[in-house]
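Working notes for the structure below.
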Amino acid sequence: MEDNGVKIVSEPVLAYSGASYADVMEYIHSLHISHADKERVAKRLALEVSQPALSAAYERIDHLCSLKNNWDGRGALAISPKIIKNIKSVLLISDNADWEHWMIAPDTNATIGLESDTTGAVISLGAYEYSYFARIDGVRHGESHIQFSPESLLELMRKFG
């Protein structure tokens with residue numbers, strides 16, 4: 001089946017927990033889609049199976065990309081493409097464990113907020129800089145206007161995650 005030039009699977013595909021990776025790969029390669037699409041699906045499947053927290057972070061970022069202006073019904077701005085690029089650059093150098101305790105949420109001012117569900121630390125990611133706040137063992141930590149680099153943000157996430 002094809003819709004606007006995009007191929008759509010005509011039957012629902014069920015995932016069985018008993019299916020082996022080889023069986024799933026055989027099924028993917030039997031589909032009538034491009035080789036590049038088959039490789040993309042296979043890489044995504046491997047990521048979902050082996051690294052669920054990282055996979056969930058990718059899915060959340062994909063969702064944030066789809067938000068349009070007024071996504072909250074109160075005038076919130078769509079997430080800036082530069083900020084999406086920034087968070088994706090962090091995803092590329094991170095490990096599954098780096099995302100296990102972080103929640104990713106859109107901010108109404110077109111930025112992304114990260115919050116640790118273990119420490120309560122909060123990071124606000126902008127286009128060119130980020131800021132953070134954490135209260136760990138009664139000690140306040142925080143800084144504003146830190147120049148963004150994927151490495152420095154990931155280091156901070158590891159410190160306060």
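What you see below is based on every heavy atom in this structure, not just the backbone, and it leaves out hydrogens, waters and symmetry mates.
Side-chain contact between Leu125 and Thr111 is absent, with no heavy atoms from C-beta onward closer than 4.5 Å. A 4.5 Å side-chain heavy-atom check between Val122 and Leu114 finds every atom pair outside the cut-off. For the pair Glu129/Ser124, no side-chain contact is recorded, criterion being any heavy-atom separation below 4.5 Å from C-beta on. The side-chain heavy atoms of Leu91 and Leu54, taken from C-beta on, include a pair separated by under 4.5 Å. Proximity of Pro81 to Lys85: side-chain heavy atoms (C-beta onward) are nowhere separated by under 4.5 Å. Counting heavy atoms from C-beta on, the side chains of Ile123 and Glu115 never come closer than 4.5 Å.
Partners of Arg135 under the salt bridge (Lys or Arg N to Asp or Glu O under 4.0 Å) rule, at least two apart in sequence or in another chain, do not exist in this structure. Residues passing the side-chain hydrogen bond (donor to acceptor under 3.5 Å, both in side chains) test with Ser34, sequence neighbours excluded: Asp37. Every residue two or more places apart in sequence or in another chain that forms a side chain to side chain contact (heavy atoms under 4.5 Å, CB included) with Leu77 is listed here: Asn69, Ala110. Annotation: salt bridge (Lys or Arg N to Asp or Glu O under 4.0 Å) contacts of Asp72 (sequence neighbours excluded): none. Partners of Ser144 according to the side chain to side chain contact (heavy atoms under 4.5 Å, CB included) rule, which considers only residues two or more places apart in sequence or in another chain, are Ser131. Residues that satisfy the ring pair (Phe, Tyr, Trp, His ring centres under 6.0 Å) test with His141, not counting sequence neighbours, are Phe160. Under the rule for a side chain to side chain contact (heavy atoms under 4.5 Å, CB included), the partners of Lys82 that lie at least two apart in sequence or sit in another chain are Ser80, Asn86, Ala127, Tyr128.
Rounded to the nearest 0.5 Å, atoms NE2 (His145) and CD (Gln147) are 13.0 Å apart.
Sorted by first and then second residue, the salt bridge (charged side-chain N to carboxylate O under 4.0 Å, His left out) pairs involving residues 86-112 (not counting sequence neighbours) are Asp95-Arg158, Asp98-Arg158. Pairs engaging residues 73-103 under the ring pair (Phe, Tyr, Trp, His ring centres under 6.0 Å) rule: none recorded [sequence neighbours left out].
Contact record, Ile83 with Gly126: CG1-C, 3.4 Å, taken as the closest heavy-atom pair.
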For residues 149-156, run the donor-acceptor check on the side chains, cut-off 3.5 Å, and write out each pair with its distance to 0.1 Å, sequence neighbours left out.
{"from": "Ser149", "atom 1": "OG", "to": "Ser152", "atom 2": "N", "distance (Å)": "3.1"}
{"from": "Ser149", "atom 1": "OG", "to": "Ser152", "atom 2": "OG", "distance (Å)": "3.0"}
{"from": "Ser152", "atom 1": "OG", "to": "Tyr130", "atom 2": "OH", "distance (Å)": "3.1"}
{"from": "Ser152", "atom 1": "OG", "to": "Ser149", "atom 2": "O", "distance (Å)": "3.1"}

